[in-house]
Amino acid sequence: MPSTPSPTPHSVRSNDEERVPSPNSDLIDHETFDQLLEMDDDDDHDFSKSIVWNYFEQAETTFGSMDKALEVRDLDELSKLGHFLKGSSAAIGLTKVKASCEKMQHFGNMKDETGTNTISEDDAITKISTLLEKVKDEYKEAETYLKNFYKERDDS
Amino acid sequence: MSNTSGGPDFVKKLFKMLEDESYSDIVSWGINGDSFVVKEIDAFTKTILPRHFKHSNFASFVRQLNKYDFHKIRNSDDSNSPYGEQAWEFHHPKFQCDKRDQLDNIKRKTPANQKKLVSNTVNDISNMTHITELQSQVNNLTKLQTNMNDHLHALSKNYHSVIQDLINFQKNMIAQDQLMQNLVQYLVNLEAEKSGSYNNGHHSSTSGENMTTPFIPSDQAQKLINSYTEVARASFDQMNEISRRAQSIHHIANSEMNNSGSSLSDSSAITSNEPLELLTLRSNLSDDNIGNINTSASSESVSPKNYISPQSISVASQSAETINISNEYSQNISDTMINLQPSDNGLTVLTVGHLTPRQSQSSPLPIAISNNNGNSSIPHIDNTSPQRASNTMRVHRSTFVPAWSVPPKVLLVDDDAVYQNIGSKFLQVFGCAIDIAVDGISAVNKMNFEKYDLVLMDIVLPNLDGVEATTRIRRFDPNTPIISMTSNTTKQECIKYLSHGMNDILAKPFTKANLLSMLERYCMHLKVMPNFQNIPRPLGTADRPIATIPNNSLISSDLTDDNLSENWISNSLAMAGDNSYPFTVLSGDDYMQMVSNVVNTSNNGTRYLEGNDDNQNQRSRKKPKFELVE
């Protein structure tokens, strides 16, 4: 009888080892982000990286649109853009950006940040101008963090 | 002519005749000049009538007089007529001896006659209308009858084609099952060879645990698997076809009921009752089957040579740990291309088909897939074994496929590239075929051209929002489940989604687990039965009572069995009526029969089928394997 070769040993890296170190717990929702990482192949992060880079692109386009909409005081558009970026930020797990986008969605609807009370148009525009700068900062922070994260992974 | 020359010819002739004095003995004016008297009928008939009226028929003469409204004057009482007993005296108010000019006014009794005639005509007309009515009624009835005949004809034609399809389908199933049989046999042989070689080949596994048998997707096995998939797919399509046809029958029946009015109400009542009865019948049957199938899983006295080792199952049910099948069983355990380890309350994941080693290794590697304490739907690698470093293999993720009999086809509607990518990836991992629409309009268009098993619909979309898109889709597709994918999950919004025809809500950002649970809920009909045998099974073994299954028959050939046909039809009809899925996988006992046959152990032929109502099966029993999702 032919003998079957014995299995060659090799190591297995569990998904749990791939947890993201978390300096800012409110910046990223790790449960969500880990879920993306889990979908990666073993040897690279091509999938999650493509998602994240895709998000960067989309976010920057959206910020551009927000700037324009703010210039022409198009609250409706701002609300829609807020909603849009809220969605993709949530998908990545960018908690802060998501929260700010949600506020923008409300302001765009001329509501306060909880979405319950009505505010004036001028008030909404003012709030959005401030918020837009803030959300851009939050985005930068997340971008830097994520880019570092992937850089470390690629290096290791 | 009668107008210009003073009265009708007959009257003129009569007058002229009376002017002739030579006839006075035979016929003459009456005493008062307002009547005339025929004194000698014989002479009158023989001599005068021929001369003046060109005939010799007194009765005819009298009839003519009557026509002109002359009246015979009866002799009153017993007093004799002044002209003799034989005399006939005729009178007309305008026929007088000295008033020739009045003759013009003597007319045939046409008016009276015509009135009579008219009234007759009126009668005739009403009769005619009556007849016409009757005729049209008869026509209608005939037409109705023809329609009915046509309808019956169509029905029987459809019925025949359905039966034909069933037969074809059964043929496919036989082919399928034979393939399965070949496959199983092949694997059994392979295993026999393998275990032999393990024993002879100084295998390093001395600890007596973690015996998992290797599986090589050799060419032959691969071919078998592929052809099996093909056959399964064909069967599936055919089943769809069958249910479509049954649906159209249902439609015909419905429209017939509506059109034919009261005269058909009896038959329509029958038609509408029937599916109900059949449905009930079917649900009874499936209940029975579920019970029996569940008990079979717990039957411990099945031979270890079974395709899926019953030991592994019973071990698994006793312990939530992953199983280490001891070495002593290894000789008997069939090589399972599906190597699974059920845990207490979790999802059982099994892999089918291509397993690729993580690294390029030519040697076969044992696979151990387990479920992580049941709370996660993400399968991961068995790492409880002390030998895991050497004995386990990393299975590529894309092989972690829930046990679909046919991959669900999912339409993902989202304008956000991030969601498109994540959603696609998840769905791909779950073994789905994916299509993407980026706005509401293209979603509607895609739904128009393709059949999907599930739609994941974002709400805020360019061009046409998800709610409106769903409304439009529902106009032509009431069945396909549409899941609202949204970050706005307030109660009010959810009610709005559901009221516009969406079936469920998947909150954004969705997790892998949430998405999977949606898939499993709405694509249940595409899943391999979770409780039955943990191996892929043929799609369409019939749903019927176990008692009718002949033991040890591979595929029972009683195609014409009434129960069988009825169940099939009732399934389709029930589905058509219930707005539910066009296809339901039926439970299959024949398959179990087949498996046991293939493995061919001496004593297990009937074991599976014995009712053995363990309490531990109650939970799974409550959950029907194939639900008609509404």
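When reading the values below, keep in mind they use all heavy atoms of this one structure, side chains included, and skip hydrogens, waters and symmetry mates. Residue numbers start from 1 in every chain, and the chains themselves are labelled A, B, ... in the order their sequence lines are given, proteins ahead of strands.
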Which answer fits [X], side chain, backbone, both or neither, if we ask what part of it has an atom under 4.5 Å from a heavy atom of chain A?
X: K425(B); result: both
X: D414(B); result: neither
X: F510(B); result: backbone

Requested in this report: Considering only NZ, NE, NH1 and NH2 on the basic side and carboxylate oxygens on the acidic side, decide whether E121(A) and R73(A) come within less than 4.0 Å.
Outcome: yes
Query raised in the report: Do the non-hydrogen side-chain atoms of K111(A) and T116(A) ever get within less than 4.5 Å of each other?
Result: no
Query raised in the report: Counting heavy-atom pairs under 4.5 Å to chain B, which of L36(A), V52(A), I92(A) comes out on top?
Result: L36(A)
Query raised in the report: When heavy-atom pairs shorter than 4.5 Å are enumerated against chain B, which of E57(A), H83(A), K98(A) gives the highest number?
Result: H83(A)
Query raised in the report: Do the side chain of D416(B) and the main chain of S88(A) share a donor and acceptor less than 3.5 angstrom apart?
Result: yes
Report task. Report yes if the distance between the aromatic ring centroids of Y145(A) and F33(A) is under 6.0 Å, otherwise no. Result -> no
**Report entry** Qualifying residue, where the test is side-chain contact (heavy atoms from CB on, under 4.5 Å) with S100(A) and the options are L94(A), V135(A), L132(A)
**Finding:** V135(A)
Query - Which atoms of K86(A) approach chain B - backbone, side chain, both or neither, heavy atom under 4.5 Å - result: side chain
